[in-house]
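Counting convention: from 1, in listed order, for ligands and their atoms alike.
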Amino acid sequence: MPTSNAHPQLRIDIVSIFPDYLAPLELSLVGKAREAGQIDVRIHDLRDCTQDRHRTVDDTPYGGGPGMVMLPEPWGDALDSILGSDPSRTPVLVVPTPSGERFTQGHAAKWALGDWLIFACGRYEGIDSRVMEHFGERIHVAEVSLGDYVLAGGEVAALAVTEAVVRLLPGVLGNSESVVDDSFAPGRMAHLVEGPVYTKPPLWRGLEVPEVLLSG
Ligand code: 6GU
């Protein structure tokens, strides 16, 4: 079904070694936007871009240190293939990493105006830095973090960023809802976030809904 407005359909590609981790994108607001054709979500298994029979995606870090680093070759092949599939769009490569800049409503608002997000979900200690360096010469690369804590991989961030962006697309939220522009007051969310909310019944376990909300 075509979208009901002039904005281009947003394409979202997500590359991961745990494609099943992205299953929630079939549900709720994002799932409905997919069904309505407002977004085109494609999940890719990085291991499909490996060449060896063990489907290896990582190796030990140069310089030592704990853990493993993701190999550049599978990422290069995966991203080349995705980028080559549509020369007419302008992609942003989103690389979730705890060392990235903090993801904000400002990023979400900007990316909702674009037409293509590609998520490179790393695991282990991250992706060989040359991948970001190489693709940074061809397209916009944004390394973003959800906050000051460490997750095991980028998949949860890809889910969070996708939901934050998709709910801003015209026609995705219901008619009664509207999206507030975040272009002013950078870094401050107060104007976007509601105070305490109440619904029926007016008295519940001895607790009343504030009188001022009951009239009108
Ligand atoms: Cl985007 N990735 C990982 N691995 N950990 C995080 C994060 C991202 N944001 C906060 N912690």
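- Ligand 1 is approached by Val144 to a heavy-atom distance shorter than 4.0 Å.
- A donor-acceptor pair shorter than 3.5 Å cannot be found between the side chains of Thr97 and Glu143.
- In the hydrophobic clustering of this structure, Leu214 does not group with Leu203; members are Ile, Leu, Val, Met, Phe, Trp, Tyr whose side-chain heavy atoms approach within less than 4.5 Å, directly or through other members.
- Looking only at protein heavy atoms, the nearest one to atom 4 (N) of ligand 1 is Leu151 O, 3.1 Å.
- Note: His107 and Trp111 have tilted aromatic rings, judged against thresholds of 30 and 60 degrees for the angle between ring planes.
- Ligand-side atoms of ligand 1 in range of Pro96: 1 (Cl), range being under 4.0 angstrom from any heavy atom.
- Counting only N and O atoms by type, the side chains of Arg11 and Ser85 include a donor and acceptor under 3.5 Å apart.
- In terms of protein heavy-atom proximity, atom 2 (N) of ligand 1 is nearest to Pro98 CD, 3.5 Å.
- Leu113 and Ile39 are assigned to two separate hydrophobic clusters, defined by single-linkage of ILVMFWY side chains at heavy-atom distances under 4.5 Å.
- Atoms of ligand 1 lying under 4.0 Å from at least one heavy atom of Ala157, given by number and element, are 1 (Cl).
- Of all the heavy atoms of Val156, none lies under 4.0 Å from any atom of ligand 1, so neither backbone nor side chain is involved.
- In this structure, atom 9 (N) of ligand 1 lies nearest to the protein heavy atom Leu146 N, 2.8 Å.
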- Please lay out, stage by stage, how Thr162 and Phe119 fare under the test side-chain contact (heavy atoms from CB on, under 4.5 Å). CA-CA 9 Å; Thr162 296; Phe119 291 92; 3.4 Å; yes

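- Heavy atoms of Tyr149 found under 4.0 angstrom from ligand 1 belong to the backbone as well as the side chain.
- Taking every non-hydrogen atom of Ser145 and a distance limit under 4.0 Å, the qualifying atoms of ligand 1 come out as 1 (Cl), 9 (N), 10 (C).
- When all heavy atoms of Leu93 and Ala120 are compared, the pair lying nearest together is CD1-CB, 4.1 Å.
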